[in-house]
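FYI, the numbering just counts along the sequence from 1.
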Amino acid sequence: MHKPTRTAATAAAGVVMALALTGAGAVATTATASAATVASETVAQGWDVSGSFDTQQECVAAGDAGLADGSWAQYRCVLFEARWDLMTPA
């Protein structure tokens, strides 16, 4: 399998797994074949990186804690270079 095809297949599997793990929660989780593009577009659209985590579960827990204490009204966990970045509104 060629690298771009393999990357796209892996990204698609990651999206399916992320949706299965988070269910219909308030968390918007993004994992794509072009993670660098997603991360740069997210930052450009008024989002800041508020943390970086080894697992999606750690990222979601930190995001939920920020919601609970009023630090932010929404957040996203974005897979970027094998790390989960907690993105919050700027």
What heavy-atom pair brings [X] and [Y] nearest, and what distance separates the two atoms?
{"X": "Met87", "Y": "Val78", "result": "CG-CG2, 3.6 Å"}
{"X": "Cys77", "Y": "Leu86", "result": "SG-CD1, 4.3 Å"}
{"X": "Trp72", "Y": "Pro89", "result": "CB-CD, 4.3 Å"}
{"X": "Ala62", "Y": "Phe53", "result": "CB-CZ, 3.4 Å"}
{"X": "Tyr75", "Y": "Val60", "result": "OH-O, 3.4 Å"}

Under 3.5 Å, is there a donor-acceptor pair between the side chain of Trp84 and the main chain of Gly51? no
Taking only residues two or more places apart in sequence, or in another chain, which ones meet Ser71 in a side-chain contact (heavy atoms from CB on, under 4.5 Å)?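 For Ser71 the side-chain contact (heavy atoms from CB on, under 4.5 Å) partners, ignoring immediate neighbours, are Asp69.
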Please name all residues satisfying side-chain contact (heavy atoms from CB on, under 4.5 Å) with Gln57, sequence neighbours left out, ordered by chain then number.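 Expected list: Thr55.
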Tell me every residue that passes side chain to side chain donor-acceptor pair (under 3.5 Å) with Ser52, counting only those two or more places apart in sequence or in another chain. Arg83, Asp85
